[in-house]
Amino acid sequence: MNNNNKITHDDIKKITSMSKGEIEQKIKNIFSDSKSGAVKKMLSGVDIEGMKKKLKSSSKEEIEGLMGMLSKLDPALINKIKDSLK
């Protein structure tokens, strides 16, 4: 994975500074073309405030591990996340 495809600490700062509504909208946009309704159903009950707190308190290694796992499931997912933060 090259640097353009990695979630950085600046990206995490952007996410944690967004409102709950902004985050929910970005999640919907990222998964809007998902062929599987399972991902959408899984995210429908996401605790946005809890997610923001966890991101703020997670170490760099924890975040990199999560992003690495997500990129293995769908490499295009990281690009969609990065694009949504622009």
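Worth saying up front: this structure is predicted, and the values here are computed from it rather than measured. Quick note: numbers below take in every heavy atom, side chains included, and nothing from hydrogens, waters or symmetry partners.
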Closest heavy-atom pair, Ile15 versus Leu85, reported as atoms and distance to 0.1 Å, is CG1-CD2, 3.7 Å
Let me check something: any side-chain donor-acceptor pairs from residues 48-56 under 3.5 Å, sequence neighbours excluded? List them with distances.
{"from": "Lys52", "atom 1": "NZ", "to": "Met18", "atom 2": "O", "distance (Å)": "2.7"}

How far does OG of Ser19 sit from CD of Gln25, to the nearest 0.5 angstrom?
10.0 Å
Taking only residues two or more places apart in sequence, or in another chain, which ones meet Ser57 in a side chain to side chain donor-acceptor pair (under 3.5 Å)?
none
Under the rule for salt bridge (Lys or Arg N to Asp or Glu O under 4.0 Å), what residues qualify as partners of Glu24, not counting sequence neighbours?
none
